Enquirer: 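Take a look at this one; I'll ask things after.
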Amino acid sequence: MTTILVTGGTGTLGRLVTERLRTDGHEVRVLSRHSRPYAVDLREGGAGLDTALAGADTVVHCATTQRGGDERSAANLVAAAKRAGVAHLVYISIVGVDRVPLGYYRSKLAVEKLVEESGLGWTVLRATQFHDLVVRVLRALARMPVLVLPAHASDQPVEVAEVADRLAGLAVGAPAGRVPDMGGPEVRTFESLARSYLDATGRRRAVVNVPLAGKTYRAFHAGGHLAPEHAVGKGTFEEYLAVRFGGGEGGRRG
């Protein structure tokens, strides 16, 4: 039996990774800021992090925030993992972090570099955006009477449970370096995703596509965040919507 620490183990992805590993019989420790007995703020590190890592064979690093601090968190985690003699560090990243000049993406790329140069055995998986992230964006946009979208934008959402399965498999294997990207089954225009969301939630909105400017928009327009050659995901956006909004915006089925 392998002892595995999952950072961000109460989050959308980390929770599912934890469940799969435990189902397979592994001892899993969940690290997050508020989850005892391993309640640790990775940005601060400290003795609690050393305690969480003591005797661990593998770390799956899912913890992240768009409010800043990922690089400091990763540096603290790497240093503590080396002190503990961890054999394998698995990191989940995002497709396009080396092509899209978004601040959060640059931070994820910097963490990749820290992992690669850590001296530990390592594995990095990049995935496209999760279905629930697309829904969060569309829900925010749909608060207005007109749903305004970036023109000529596409996405390739993937089912988070499938990414969790892939991460869990990588965690129990040998360090593999940068593994092939994981993309959802379809590259879709953002407008088509928006219309599916509106249909599933029973909302009525006019949809307007507006061209944007800037390096980040041009990178997204060019498909820097897509992995059409790695469209290995199975669950479609419509299938996700059917489960989540089977009873409309306020309902849930499944």
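Bear in mind that the values here come from a model prediction, so they are computed numbers and not experimental data. Residue numbers run from 1 in the order of the sequence given.
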Enquirer: Is it true that a side-chain atom of Glu186 and a backbone atom of Arg188 form a donor plus acceptor pair closer than 3.5 Å?
Expert: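 Not a single qualifying donor-acceptor pair exists.
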
Enquirer: Quick one: are Arg20 and Asp165 in side-chain contact, heavy atoms under 4.5 Å?
Expert: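 SC-SC contact between Arg20 and Asp165 confirmed.
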
Enquirer: On a heavy-atom basis, which atom in Asp50 and which in Ala80 lie closest, and how many Å separate them?
Expert: OD1-CB, 3.6 Å

Enquirer: With side chains defined as the heavy atoms from C-beta onward, is the minimum distance between Thr2 and Glu27 less than 4.5 Å?
Expert: no

Enquirer: If I take atom CG from residue Leu198 and atom CG from residue Leu193, how far apart are they, to the nearest 0.5 angstrom?
Expert: 11.0 Å

Enquirer: Any side-chain to backbone donor/acceptor pair from Ser35 onto Leu31? Under 3.5 Å, distance only.
Expert: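 Side chain of Ser35 to backbone of Leu31, a donor-acceptor pair under 3.5 Å: no, none is there.
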
Enquirer: With a 4.5 Å limit on heavy-atom distance, are the side chains of Phe130 and Val158 in contact?
Expert: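 Result yes, sub-4.5 Å side-chain heavy-atom pair found.
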
Enquirer: Could you check Tyr240 against Val134 for side chain to side chain contact (heavy atoms under 4.5 Å, CB included), going step by step and ending with a plain yes or no?
Expert: CA-CA 11 Å; Tyr240 170 82; Val134 176; over 6 Å; no

Enquirer: Any chain of hydrophobic side-chain contacts (each under 4.5 Å) joining Trp122 to Leu77?
Expert: yes

Enquirer: Please assess Leu5 against Thr58 for the test side chain to side chain contact (heavy atoms under 4.5 Å, CB included), listing each intermediate value before the final yes or no.
Expert: CA-CA 6 Å; Leu5 176 71; Thr58 299; over 6 Å; no

Enquirer: Looking at every non-hydrogen atom in both residues, tell me the closest pair between Tyr105 and Gly96 and how far apart they are.
Expert: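 Minimum heavy-atom separation between Tyr105 and Gly96: CD2-O, 3.6 Å.
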
Enquirer: Backbone N or O of Thr3 within a donor-acceptor pair of the Asp57 side chain at under 3.5 Å?
Expert: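 It does hold such a pair.
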
Enquirer: Show, in sequence, the C-alpha distance, side-chain angles and deciding distance for His26 and Val172, and conclude whether the side chain to side chain contact (heavy atoms under 4.5 Å, CB included) test is met.
Expert: CA-CA 9 Å; His26 301 286; Val172 299; 3.3 Å; yes

Enquirer: Does a donor on one side chain sit under 3.5 Å from an acceptor on the other, for Thr64 and Tyr104?
Expert: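 Present: a donor and an acceptor within the cut-off.
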
Enquirer: Can you see which heavy atom on Asp155 is nearest to which on Gln129, and at what distance?
Expert: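 Looking at all heavy atoms of both residues, the closest pair is OD1-OE1, 2.7 Å.
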
Enquirer: If we ignore hydrogens and angles and just use 3.5 Å, is the side chain of Tyr197 paired with the main-chain N or O of Arg203 as donor and acceptor?
Expert: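 No.
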
Enquirer: Keeping the roles fixed (side chain from Ser93, backbone from Leu125), state whether a donor-acceptor pair exists under 3.5 Å.
Expert: no

Enquirer: In this structure, which one of Arg126, Arg178, Arg106 forms a salt bridge (Lys or Arg N to Asp or Glu O under 4.0 Å) with Glu112?
Expert: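 That would be Arg126.
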
Enquirer: Could you grab the distance from atom CG of Leu212 to atom CG of Asn209, nearest 0.5 Å is fine?
Expert: 10.0 Å

Enquirer: Could you state whether Val210 and Leu141 fall into the same hydrophobic cluster, counting links through intermediate Ile, Leu, Val, Met, Phe, Trp or Tyr residues with side-chain heavy atoms under 4.5 angstrom apart?
Expert: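 No, Val210 does not connect to Leu141 through the hydrophobic network.
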
Enquirer: Do side-chain atoms of Glu162 reach the backbone of Lys234 as a donor and acceptor pair under 3.5 angstrom?
Expert: yes

Enquirer: Parallel, tilted or perpendicular, judged at 30° and 60°: which one describes the rings of His221 and His152?
Expert: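 His221 and His152: parallel rings.
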
Enquirer: Please name the pair of heavy atoms, one in Val187 and one in Pro228, separated by the smallest distance, quoted to 0.1 Å.
Expert: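 Taking every non-hydrogen atom into account, CG2-CB, 4.1 Å.
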
Enquirer: So, taking the atom named CZ in Arg195 and the one named CG in Leu149, what distance separates them when rounded to the nearest 0.5 Å?
Expert: 8.5 Å

Enquirer: So Thr7 and Ser32, do their side chains get closer than 4.5 Å, heavy atoms only?
Expert: no

Enquirer: May I ask you to decide whether Arg136 forms a salt bridge with Asp132, counting only side-chain N to carboxylate O separations under 4.0 Å?
Expert: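 Yes, charged N to carboxylate O under 4.0 Å.
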
Enquirer: Please check if Leu170 and Ile92 belong to a single hydrophobic cluster, counting links between Ile, Leu, Val, Met, Phe, Trp and Tyr side chain heavy atoms closer than 4.5 Å.
Expert: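 Both belong to a single hydrophobic cluster.
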
Enquirer: Hey, what do you get for CD (Glu71) to OG (Ser107), rounding to the nearest 0.5 Å?
Expert: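 That separation rounds to 4.5 Å.
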
Enquirer: State which residue, out of Val207, Leu147, Val208, fulfils the side-chain contact (heavy atoms from CB on, under 4.5 Å) condition with Glu191.
Expert: Val207

Enquirer: Under a single-linkage definition using a 4.5 Å side-chain heavy-atom cutoff for Ile, Leu, Val, Met, Phe, Trp and Tyr, are Val60 and Val40 assigned to the same hydrophobic cluster?
Expert: no

Enquirer: Quick check for you: to the nearest 0.5 Å, what is the distance between Leu167 atom CG and Cys62 atom SG?
Expert: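 Here the interatomic distance stands at 5.5 Å.
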
Enquirer: Going by atom types only, do Asn76 and Glu44 share a side-chain donor-acceptor pair under 3.5 Å?
Expert: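 No.
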
Enquirer: Do the side chain of Gln156 and the main chain of Ala227 share a donor and acceptor less than 3.5 angstrom apart?
Expert: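 Judged by distance alone, yes, a pair lies under 3.5 Å.
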
Enquirer: In the single-linkage hydrophobic clustering (I, L, V, M, F, W, Y; side-chain heavy atoms under 4.5 Å), do Phe245 and Phe237 co-cluster?
Expert: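 Yes, same cluster.
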
Enquirer: Give a yes or no on whether the backbone of Gly8 and the side-chain of His61 come within a donor-acceptor separation of less than 3.5 Å.
Expert: no

Enquirer: Test side chain to side chain contact (heavy atoms under 4.5 Å, CB included) on His131 and Val160; report intermediate values, then the result.
Expert: CA-CA 7 Å; His131 290 135; Val160 64; over 6 Å; no

Enquirer: Check for a donor-acceptor pair, side chain of Thr128 on one end and backbone N or O of Gly184 on the other, with a separation under 3.5 Å.
Expert: yes

Enquirer: So do the side chains of Val124 and Val115 get within less than 4.5 Å of each other, counting heavy atoms only?
Expert: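 In contact.
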
Enquirer: Main chain of Val28, side chain of Arg22: is a donor-acceptor contact present, judged purely on distance under 3.5 Å?
Expert: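 Checking the backbone N and O of Val28 against the side chain of Arg22, a donor-acceptor pair under 3.5 Å is found.
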
Enquirer: If I compare all heavy atoms of Tyr217 with all of Pro150, which pair ends up nearest, and what's the gap?
Expert: CE1-CB, 3.9 Å

Enquirer: First locate atom CG of Leu53, then atom CZ of Arg83, and finally report the distance between them rounded to the nearest 0.5 Å.
Expert: 8.5 Å

Enquirer: If I compare all heavy atoms of Val111 with all of Asp70, which pair ends up nearest, and what's the gap?
Expert: CG2-O, 3.7 Å

